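A quick write-up on the structure given underneath.
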Amino acid sequence: MEFLLVTQLLALISVTTALDNGLLRTPPMGWMAWERFRCDVDCKDDPKNCISENLFRDMADRLAEDGWRELGYEYVIIDDCWMSKQRDEHGRLQPDPLRFPGGIAKLARYVHDRGLKLGIYADMGTHTCMGYPGTTLDKIEIDAQTFASWGVDYLKFDGCHSNPVEQMIGYPRMSKALNATGRPIAYSCSWPVYVGGLPPNVNYSLMGEICHLWRNYYDIQDSWDSVINIVDWFSNNQDALQPAAGPGRWNDPDMLVIGNFGLSIDQARSQMALWAIMAAPLIMSNDLRTLSNDARAILQNKVAISINQDPRGMQGRRLLQEKSHIEVYWRPLSNSASALVFLSHRQDMPYLYHTSLAKLHYDPGSYEAYDVFTGRTMTGLTHTTDLKVSINPSGVVMWYIYPTKHKRFHNTWKEHTLSTYHVDEAEAVPPEVL
Ligand code: GLA
């Protein structure tokens, strides 16, 4: 332990605001290959799904043509298994020649031409998690230079096959090396996962200095069990994790699996809502070519996205865990607004939860709430209004709440459609995106 703290201190001294390059003032948004496409390298029998330049071009096309880019989904991120098993004669990483015949620089141009950014994967260690060439300490500078020369915009730096001392040296060194390239490259560090995710083994102020985002916990899988396990871990440890986040520095609970095989519609909404509360990266791993309309509507929900991307950049927290297995999450937003999420951990039927804004620590006053997934606005709320919220099993209700400028007291709930919203409620402070 003493050893860890001393080396952390050394690392801190040696970096001096290494990555203050103005990137990722809000959490990154985009698409990443891993959860959905893993290490499928069988382009002979599975050409549409194997890790190849075609897959990334397909996803770039979809992001550019299906409305994603305009919503902020801009990064196309290559994960493990893109490499050739050997470095080239100059010691540089190179892509698998059969699966990436055009090379990464050409793929980067393709992605840039569509107004998007390209991310890539490397591993601090002897090998990547799937056994491709790793970035040992002596290779950090050359790999950073190679990525920059290809026009890469984002690096996910994994940590398989290295020890804590190598990680302590390697993660800050890569931060410096990326900076030294002169190209603004977003830097995602997996370091915390490999040392248990929590202080004192993880120094989150140091993480914020050297990385834009970091994986804290285990890999997400395509199931509700996995999603809720991640949410529980982040919430149980929120005192250590929540203050670490802010503009340019984000906790990363891993990819959005919405649109795959494991989540119901309610569970998919839950992931979107909780990732927005946690100020988490909105990086999808799904097949954008075959996405259902339900999944698309959830992932393209403008208010959920604007909550996630709130410029204040404060991560939210779990406020309450009720005996009824209802949990309440809260995130403070810009312009005195906030987001509330009511999550049901139940497995029986929709649960009618009674509460009030006062019980959720809101100041006395008059409020309106916009229901993120139904699009209904509730007007005339005060802190004492009796709120009755019906929450589906493993589902959420998510509200964007803002104070009304003038106090008005209604004792009933009024519902408005979005089209009448501006006309009827001119004195309210509306959600910015509406
Ligand atoms: C680790 C990471 C995953 C993915 C795989 C690739 O498990 O946490 O996100 O990158 O490696 O092998």
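Each ligand, and each atom within it, is numbered from 1 in the order the structure gives. The chain is numbered in sequence order, starting from 1. Quick caveat: nothing in here was measured; it's all calculated off a predicted structure.
- Ligand 1 does not have R38 within reach: every non-hydrogen atom of the residue lies 4.0 Å or more from it.
- Under the 6.0 Å distance and 45° angle rule, K85 counts as a cation-pi partner of Y132.
- Close approach of ligand 1 to R215 (heavy-atom distance below 4.0 Å) involves ligand atoms 8 (O), 9 (O).
- Ring orientation note: the planes of Y75 and Y154 are tilted relative to one another, at an angle of 30° to 60°.
- Using a 4.0 Å cut-off to heavy atoms of D79, the atoms of ligand 1 that qualify are 4 (C), 6 (C), 10 (O).
- Ring geometry for Y217 versus W233: interplanar angle under 30°, hence parallel rather than tilted (30 to 60°).
- In this structure, T128 falls outside the shell of residues with a heavy atom less than 4.0 angstrom from ligand 1.
- Atom 2 (C) of ligand 1 has as its closest protein heavy atom D158 OD2, 3.2 Å.
- Counting only heavy atoms of the protein, atom 3 (C) of ligand 1 lies nearest to D219 OD2, 3.4 Å.
- Within the structure, the closest approach of Y218 to ligand 1 does not fall below 4.0 Å when heavy atoms are considered.
- Counted within 6.0 Å of NE2 on H325, heavy atoms from surrounding residues, nucleotides or ligands total 12 or fewer; the atom is thus considered open.
- What sits closest to atom 5 (C) of ligand 1 on the protein, heavy atoms only, is W34 CE2, 3.6 Å.
- Looking at atom 9 (O) of ligand 1, its nearest protein heavy atom turns out to be K156 NZ, 2.8 Å.
- The residues R38 and D40 are annotated as not salt-bridged, no charged nitrogen and carboxylate oxygen being separated by less than 4.0 angstrom.
- When the options H345, R346, Q321 are evaluated for a side chain to side chain contact (heavy atoms under 4.5 Å, CB included) with I326, the one that passes is R346.
- Which parts of ligand 1 touch C129 is read off a 4.0 Å heavy-atom cut-off, strictly below it: atoms 1 (C), 11 (O), 12 (O).
- Ring geometry for W68 versus Y73: interplanar angle over 60°, hence perpendicular rather than tilted (30 to 60°).
- Residues M272 and L299 form a side-chain contact, since some pair of their non-hydrogen atoms from C-beta on lies under 4.5 Å apart.
- Below 3.5 Å of separation, one finds no N or O of Y194 facing any N or O of ligand 1.
- For ligand 1, the polar-atom distance check finds an N/O of D80 within less than 3.5 Å of one of the ligand's N/O atoms.
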